[in-house]
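Keep in mind that the numbers below use all heavy atoms, side chains included, and drop hydrogens, waters and symmetry copies.
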Amino acid sequence: MEENKTQPAKPQAENVENKAKVVNSNKPENTNPNQNQHPNQKGKTVPQKRKPPVSGNGWTNDLKKAFDTNERIQKERLNPHNKLNLKSEASFKVTPLGGLGEIGGNMMVIETDTSAIIIDVGMSFPDDSMHGVDILIPDFTYVRQIRSKITAICITHSHEDHIGAMPYIFKELQVPIYGTSLPLESIGSKFDEHKMKQHRSYFRAVQKRKPIKIGDFEVEWMHMTHSIIDCSSLAITTEAGTIIHTGDFKIDHTPYDAYPADLHRLAYYGEKGILALLSDSTNSHTPGFTKSEKTVGPTFDRIFANAKGRILMSTFSSNLHRVAQAIERGIASGRKVCVIGRSMEKNLDIALTLGYIKFGKEHFIDAHSVNKFLDKEVLIVTTGSQGEPMSALFRMSIHEHRHIKIKPEDTIVLSSKAIPGNEASVSEVINQIQKAGASVAYQNYSDIHVSGHAAQEEQKLMLRLCKPKFFIPIHGEYNHVMRHIQTGIDCGVLERNTYILSDGEQIEIAPKFVKKVKTVKTGKTYIDNQRNRKIGEDVVIDRQTMANEGVIMIVAQISENERKVEGTPRVSSFGMVDSKQEKHFAKEIEDILENFLDHIKEGILQNTRAVEEELRKVVRKHCIRKYRKYPMIVPTIFVQ
C-alpha cells in the first residue's frame, strides 16, 4: 500500500528557479561569486567601479524636496503666530491680586472693556510677626472699582489658597460662581460657617470639556491632576485669542482615581493656537518629573505591615487621595478607621457624599469608641501634619486630647512635607511624639509624600502641548517665576514674548503685543478666624510694636496753672527692662515728665491730646537714645 502513494509535488521554489533560467537563457551566466568583479585578460578579477549618483538629479532631488517640505511643516507646527489673527485689534487685561511673589493667596482678574471674570479667590497664612492674625486675604480694592464689569468667579480647585477668601469677597460682591462639584461644595461649607447659606444659589456646576459663555469670555474646564481631587485647568477664549490658565498642576499618568490630566484637550487648543499660557511655577527648580500619587501606596504597605499597635496617619486634610490610600490599607489589614480633626472630617464627608471616594460606613468609628478595640485593630486619620499647636495630633502628643493619647506602641505617619516656615513646628510635634515613646515615620521614607506641583519636565510638556505665543509664569515667588521663564525659552518661546508679572501689575495682551498698563492697589487684609472679621492694619502694627519693642504706660494729673504734676505719676512698663530695674526706670520717666512740663509751650496744656502727643515724642527720644528701642508709649494725662 505504501508503494502506491502519490509522490509529493516539487517545491514551488524550484519551479520559479527553472522559469528564471528560461527567461535569462539568452544572457551569459555569471559564475563568479563576486558580483562586483569581472575577469581580465589573465583570468584574474578586478573590482568593478560604481557610477556615483548625479547631485541634484533623480532620487537625490526628490529627497531634498521631501526634506525641505518636512522642515517647513516642523517649523509651521511649532510657530504659534500662524494660528493667531494678527490683524485683530482686540485685547484683554490680566491683573493678579495675589499669588505672584508668594506661595498662596491666588486671585486673578481677566477683563475686556465691558466684561471681567475672577479666577480663584484664595487665602494665605500669616508669618510669626502677625500676632493674632489667622489668615490673610487679598485686598479687594480693585474688585470694588470694576464691580459693574464682573460677571463671574471661576474656580480651578478647592485648596484653601484658591477658595479660602470666598466668603469675604461674597460679603461685598455676589456673582455666579462656576466650578466643578468638589470646589463648589467646599465653598458652600464655608458659606454655611459664615451664615451665608443663601448664597449657594449662585453656584453653577460645570461640565468638563464643555465651553461656557461667560460675558465676553468662553471658558472651558479641563481635568488636571494635582494633590487634590477634581482639579482643573481653564481654557479662556476671547476675541483676541485663547488663554490657558493651568491652575495648580502636575502630570500624573497613574493617579489614584485613574483620571489622568486631559492632555488631549490641551493639545487640541495648542493646535488651534494659544495666545498666552499662564502656568504654575511652584516647583520650577525641581528637575525631572514629580512622582505619581500612587507611589505613596507601597510605602504605606510597608509601614502597615510592620506596625504592632495603633497607626495614626496625618496629612493635609485636602489630600483626599492620600487619605483614601491609607484608609484602603487600614481596611485591608482589618483595622477600623477613626477620622479626627474638623477639616479632615469635613473634607472626607464631602468626598464620600459626592461619590469621589467610596467606603462603607461600617468601616468607621468615632473617637470615643477607639478604646473598645485592640490597638492593632485601629487606624486614626487626623490633622496636624504641619505641627499646628491647636491641631488634633499635637494635642494627642502632649496628652491634652479628650479621647486619644499617644502611647509607646503607636506608629505615627506624617505623610506630608513641611511648608516653608513650618519646619520648627513640625520638628516640635515630632519631638513630642517621640517623648511619648511612639515611633515616627517621616523623612526616613523617601516616598511617604509626593508633591502636587509640576517639576521641570512636566512644565516642558505643558509648554510643548500649548505652544503659546506669550508665556507668563504664575503661582510662585520671584525666583520660581524666573526659573520657569528659562524653561519656557528652552521650549521655544521667544524671550521677548515672556513676561514676569507681580501682584497688582496690570498687563494688556493682544495678538501682536503684551505690555504693562498700570499698577493697581493690592496687598493683604488681616483676618481673625475666631470672629470671621477683619483686623485693621494699625492694630497689627501696634501688636508688633508691643511684642518687639515693649510698652510704656504713663498716668499723671497736671496742674495747668503751676505746670506741675499733682501727686505721684504712675509709670508701668512691659518688655522694656527687667523687674529689678523697674523702679529706676519709672523714676527716669517721672524726671522726664517734670522737665517736659518746665519747658512746655504756652497754651498747650489747654489741649490734652496735644500734651499727650508731645510727651510721647519726648519719652520716645529718651528710649531710642538710651535703650535703642522704639516702644509703644501710652500717656494718659488729666489737666486741672
Peer 1: Testing H321, H157, H162 for ring pair (Phe, Tyr, Trp, His ring centres under 6.0 Å) with H226, which one passes?
Peer 2: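 With H226 as partner, H321, H157, H162 yield a single ring pair (Phe, Tyr, Trp, His ring centres under 6.0 Å), made by H157.
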
Peer 1: Closer than 3.5 angstrom, by distance alone: can the side chain of T290 be matched with the main-chain N or O of H453 as a donor-acceptor pair?
Peer 2: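 Flag set: sc T290 to bb H453 pair under 3.5 Å.
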
Peer 1: Nearest 0.5 Å, what's the CD1-CG distance between I119 and L97?
Peer 2: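 It is 11.5 Å, given to the nearest 0.5 Å.
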
Peer 1: Using side-chain contact (heavy atoms from CB on, under 4.5 Å) as the criterion, point out the one residue from L234, L278, L266 that pairs with I244.
Peer 2: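 Only one option passes, and that is L266.
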
Peer 1: Salt bridge (charged side-chain N to carboxylate O under 4.0 Å, His left out) with D139: which residues, sequence neighbours excluded?
Peer 2: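 Applying salt bridge (charged side-chain N to carboxylate O under 4.0 Å, His left out) to D139 gives K521.
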
Peer 1: Test side-chain contact (heavy atoms from CB on, under 4.5 Å) on E220 and T242 and set out the steps.
Peer 2: CA-CA 11 Å; E220 178 181 337; T242 298; over 6 Å; no

Peer 1: Look up atom CD1 in I137 and atom OH in Y168, then write down how far apart they are to the nearest 0.5 Å.
Peer 2: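 Rounded to the nearest 0.5 Å, the CD1-OH separation comes to 6.5 Å.
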
Peer 1: Do R543 and V539 have side chains that approach each other closer than 4.5 Å (heavy atoms only, starting at C-beta)?
Peer 2: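 Of all side-chain heavy-atom pairs linking V539 with R543, at least one is under 4.5 Å.
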
Peer 1: Under the 3.5 angstrom rule, does the side chain of Y526 hit a backbone N or O of V540 as a donor-acceptor pair?
Peer 2: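 Between the backbone of V540 and the side chain of Y526 there is no qualifying donor-acceptor contact (under 3.5 Å).
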
Peer 1: Please check if any side-chain donor atom of Y499 sits under 3.5 Å from a side-chain acceptor atom of E505, or the reverse.
Peer 2: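 Yes, a side-chain donor-acceptor pair sits under 3.5 Å.
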
Peer 1: Could you tell me the separation between the CD1 atom of I541 and the NE2 atom of H131, rounded to the nearest 0.5 Å?
Peer 2: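 Rounded to the nearest 0.5 Å, the CD1-NE2 separation comes out at 12.0 Å.
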
Peer 1: What I'd like to find out is whether the side chain of K83 reaches to under 4.5 Å of the side chain of K272, using heavy atoms alone.
Peer 2: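 No; the side chains remain at least 4.5 Å from each other.
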
Peer 1: Can you find a heavy atom in the side chain of K208 that is under 4.5 Å from one in the side chain of S232?
Peer 2: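 They are in side-chain contact.
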
Peer 1: Where the side chain of Q544 meets the backbone of S129, is there a donor-acceptor pair that is under 3.5 Å apart?
Peer 2: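 Indeed, once roles are kept as given, a pair shorter than 3.5 Å links the two residues.
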
Peer 1: Is there a salt bridge (Lys or Arg N to Asp or Glu O under 4.0 Å) between K190 and E193? Walk through the geometry before answering.
Peer 2: CA-CA 5 Å; K190 293 182 177 298; E193 292 177 5; 5.8 Å; no

Peer 1: Begin with the C-alpha distance, continue with both residues' side-chain angles, and end with the deciding distance and a verdict on side-chain hydrogen bond (donor to acceptor under 3.5 Å, both in side chains) for N283 and S451.
Peer 2: CA-CA 9 Å; N283 269 1; S451 175; 2.9 Å; yes

Peer 1: Check whether any side-chain heavy atom of S181 lies under 4.5 Å from a side-chain heavy atom of E185, and answer yes or no.
Peer 2: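 Answer no - side chains too far apart.
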
Peer 1: Between atom CD of E160 and atom CD1 of I228, what is the distance when rounded to the nearest 0.5 Å?
Peer 2: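 These two atoms lie 8.5 Å from each other.
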
Peer 1: Quick one: CD1 on I472 to CD1 on I507, what's the gap to the nearest 0.5 Å?
Peer 2: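 It is 3.5 Å, given to the nearest 0.5 Å.
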
Peer 1: Give a yes or no on this: more than 12 heavy atoms of other residues, nucleotides or ligands lie within 6.0 Å of atom CD of E495.
Peer 2: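 No, not enclosed.
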
Peer 1: For E111, enumerate each residue passing the side-chain contact (heavy atoms from CB on, under 4.5 Å) test, keeping only those at least two apart in sequence or located in another chain.
Peer 2: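 So E111 forms a side-chain contact (heavy atoms from CB on, under 4.5 Å) with K93, T95, V109, A116, Y142, I146, K149, Q506.
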
Peer 1: Do H449 and Y442 have their ring centres less than 6.0 Å from each other?
Peer 2: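 No, they do not, as the ring centres are separated by 6.0 Å or more.
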
Peer 1: Residues two or more places apart in sequence or in another chain: which of them pass side-chain contact (heavy atoms from CB on, under 4.5 Å) with V206?
Peer 2: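 Scan of V206 (side-chain contact (heavy atoms from CB on, under 4.5 Å), adjacent residues dropped) gives Y178, T180, I212, W221.
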
Peer 1: Just so I know, are the side chains of I340 and M396 near enough to count as touching, which here means a heavy-atom distance under 4.5 Å?
Peer 2: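 In contact.
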
Peer 1: Would you check if the side chain of S427 reaches a backbone N or O of E423 as a donor-acceptor pair within less than 3.5 Å?
Peer 2: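 No.
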
Peer 1: Testing the 3.5 Å rule here: is there a donor-acceptor pair between the side chains of Q456 and T487?
Peer 2: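 T487 and Q456 do not have a side-chain donor-acceptor pair below 3.5 Å.
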
Peer 1: Indicate yes or no for a side-chain donor-acceptor contact from R464 to the backbone of C491 under 3.5 Å, with no hydrogens or angles considered.
Peer 2: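 It does hold such a pair.
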
Peer 1: Looking at every non-hydrogen atom in both residues, tell me the closest pair between I150 and V175 and how far apart they are.
Peer 2: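 Shortest heavy-atom contact: O-CG1, 3.7 Å.
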
Peer 1: Centroid-to-centroid, H484 to F471, below 6.0 Å?
Peer 2: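 Yes, the ring of H484 comes within the 6.0 Å limit of the ring of F471, centre to centre.
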
Peer 1: Around atom CZ of R342, are there more than 12 heavy atoms from other residues, nucleotides or ligands closer than 6.0 Å?
Peer 2: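 Counting other residues, nucleotides and ligands, CZ of R342 stays at 12 neighbours or fewer.
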
Peer 1: With a cut-off of 6.0 Å (strictly less than), are more than 12 heavy atoms of other residues, nucleotides or ligands near CD of E428?
Peer 2: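 Enclosed: over 12 neighbouring heavy atoms sit under 6.0 Å from CD of E428.
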
Peer 1: Show the nearest heavy-atom pair for residues S415 and F300, with the distance to one decimal.
Peer 2: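 Closest approach of S415 to F300, heavy atoms only: OG-CZ, 3.8 Å.
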
Peer 1: For residues H475 and D161, is any side-chain donor paired with an opposing acceptor at under 3.5 Å?
Peer 2: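 No donor-acceptor contact under 3.5 Å links the two side chains.
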
Peer 1: What pair of heavy atoms forms the shortest contact from L136 to V133, and how long is it?
Peer 2: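 For L136 versus V133, the nearest heavy atoms are CD2-CG1, 3.8 Å.
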
Peer 1: So does P260 get a backbone contact from the side chain of T225, meaning a donor-acceptor N/O pair under 3.5 Å?
Peer 2: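 Looks like no, no N/O pair under 3.5 Å.
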
Peer 1: Tell me yes or no: between the side chains of S343 and T383, is some donor less than 3.5 Å from an acceptor?
Peer 2: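 No.
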
Peer 1: What pair of heavy atoms forms the shortest contact from Q386 to S425, and how long is it?
Peer 2: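 Smallest interatomic distance, heavy atoms only, reads O-OG, 2.8 Å.
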
Peer 1: I'd like to know if the side chain of T156 and the backbone of G247 have a donor-acceptor N/O pair within less than 3.5 Å.
Peer 2: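 Not at all, since once roles are kept as given, no pair shorter than 3.5 Å links the two residues.
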
Peer 1: Any luck finding a side-chain donor-acceptor pair between H223 and R265 under 3.5 Å?
Peer 2: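 Not at all, the side chains of H223 and R265 share no donor-acceptor pair under 3.5 Å.
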
Peer 1: Can you check side-chain contact (heavy atoms from CB on, under 4.5 Å) on I155 and D120, steps first, answer last?
Peer 2: CA-CA 5 Å; I155 303 297; D120 295 333; 3.9 Å; yes

Peer 1: So, D216 and T112: side-chain donor and acceptor under 3.5 Å apart, yes or no?
Peer 2: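 Per modelled atom types, D216 and T112 side chains form a pair under 3.5 Å.
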
Peer 1: Let me see the working for H245 and I474 under side-chain contact (heavy atoms from CB on, under 4.5 Å), right down to the final yes or no.
Peer 2: CA-CA 9 Å; H245 186 293; I474 57 173; 3.5 Å; yes

Peer 1: Any heavy-atom pair between the side chains of P211 and T237 that's under 4.5 Å?
Peer 2: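 The answer is no, as the side chains (C-beta and beyond) never meet within the 4.5 Å cut-off.
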
Peer 1: With a sphere of 6.0 Å drawn around CD of E537, does it hold more than 12 non-hydrogen atoms of other residues, nucleotides or ligands?
Peer 2: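 Incorrect, the count does not exceed 12.
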
Peer 1: Please name the pair of heavy atoms, one in A240 and one in P511, separated by the smallest distance, quoted to 0.1 Å.
Peer 2: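 Scanning both residues completely, I find the closest heavy atoms to be O-CG, 3.4 Å.
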
Peer 1: Just wondering, more than 12 heavy atoms not from M196 lying within 6.0 Å of its CE?
Peer 2: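 Buried by this count: over 12 neighbours within 6.0 Å.
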
Peer 1: Begin from the C-alpha positions of R322 and E293 and carry the test side-chain contact (heavy atoms from CB on, under 4.5 Å) through to its verdict.
Peer 2: CA-CA 7 Å; R322 186 78 50 81; E293 178 61 35; 2.6 Å; yes

Peer 1: Report yes if the side chains of M313 and T382 come closer than 4.5 Å at any heavy-atom pair, otherwise no.
Peer 2: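 Heavy-atom side-chain distance check fails, nothing below 4.5 Å.
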
Peer 1: Taking the side chain as every heavy atom from C-beta outward, state whether V514 and I509 have any atom pair closer than 4.5 Å.
Peer 2: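 In contact.
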
Peer 1: For E102 and G99, indicate whether the former's side chain and the latter's backbone hold a donor-acceptor pair under 3.5 Å.
Peer 2: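 Looks like yes, one N/O pair under 3.5 Å.
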
Peer 1: Counting only heavy atoms not in D113, do more than 12 fall under 6.0 Å of its CG?
Peer 2: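 Not buried by this count: 12 neighbours or fewer within 6.0 Å.
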
Peer 1: Please check this pair: side chain of E172 against backbone of I169, looking for a donor-acceptor N/O pair closer than 3.5 Å.
Peer 2: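 A pair under 3.5 Å: no.
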
Peer 1: State plainly whether the residues K467 and E271 are in salt-bridge range, i.e. N to O under 4.0 Å.
Peer 2: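 Yes, K467 and E271 are salt-bridged.
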
Peer 1: Students often mix this up, so state it plainly: with edges at 30° and 60°, are the rings of F170 and F191 parallel, tilted or perpendicular?
Peer 2: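 Rings of F170 and F191: tilted, 30 to 60°.
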
Peer 1: Of the non-hydrogen atoms in C231 and D248, which two are nearest, and what is the gap between them?
Peer 2: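 In terms of heavy atoms, the two residues are closest at SG-O, 3.3 Å.
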
Peer 1: Determine whether more than 12 heavy atoms belonging to other residues, nucleotides or ligands lie under 6.0 Å from atom CZ of F513.
Peer 2: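 Yes.
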
Peer 1: Examine the side chains of D447 and T295 and answer whether a donor and an acceptor come within less than 3.5 Å of each other.
Peer 2: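 The criterion, which ignores hydrogens and geometry beyond distance, is not satisfied for T295 and D447.
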
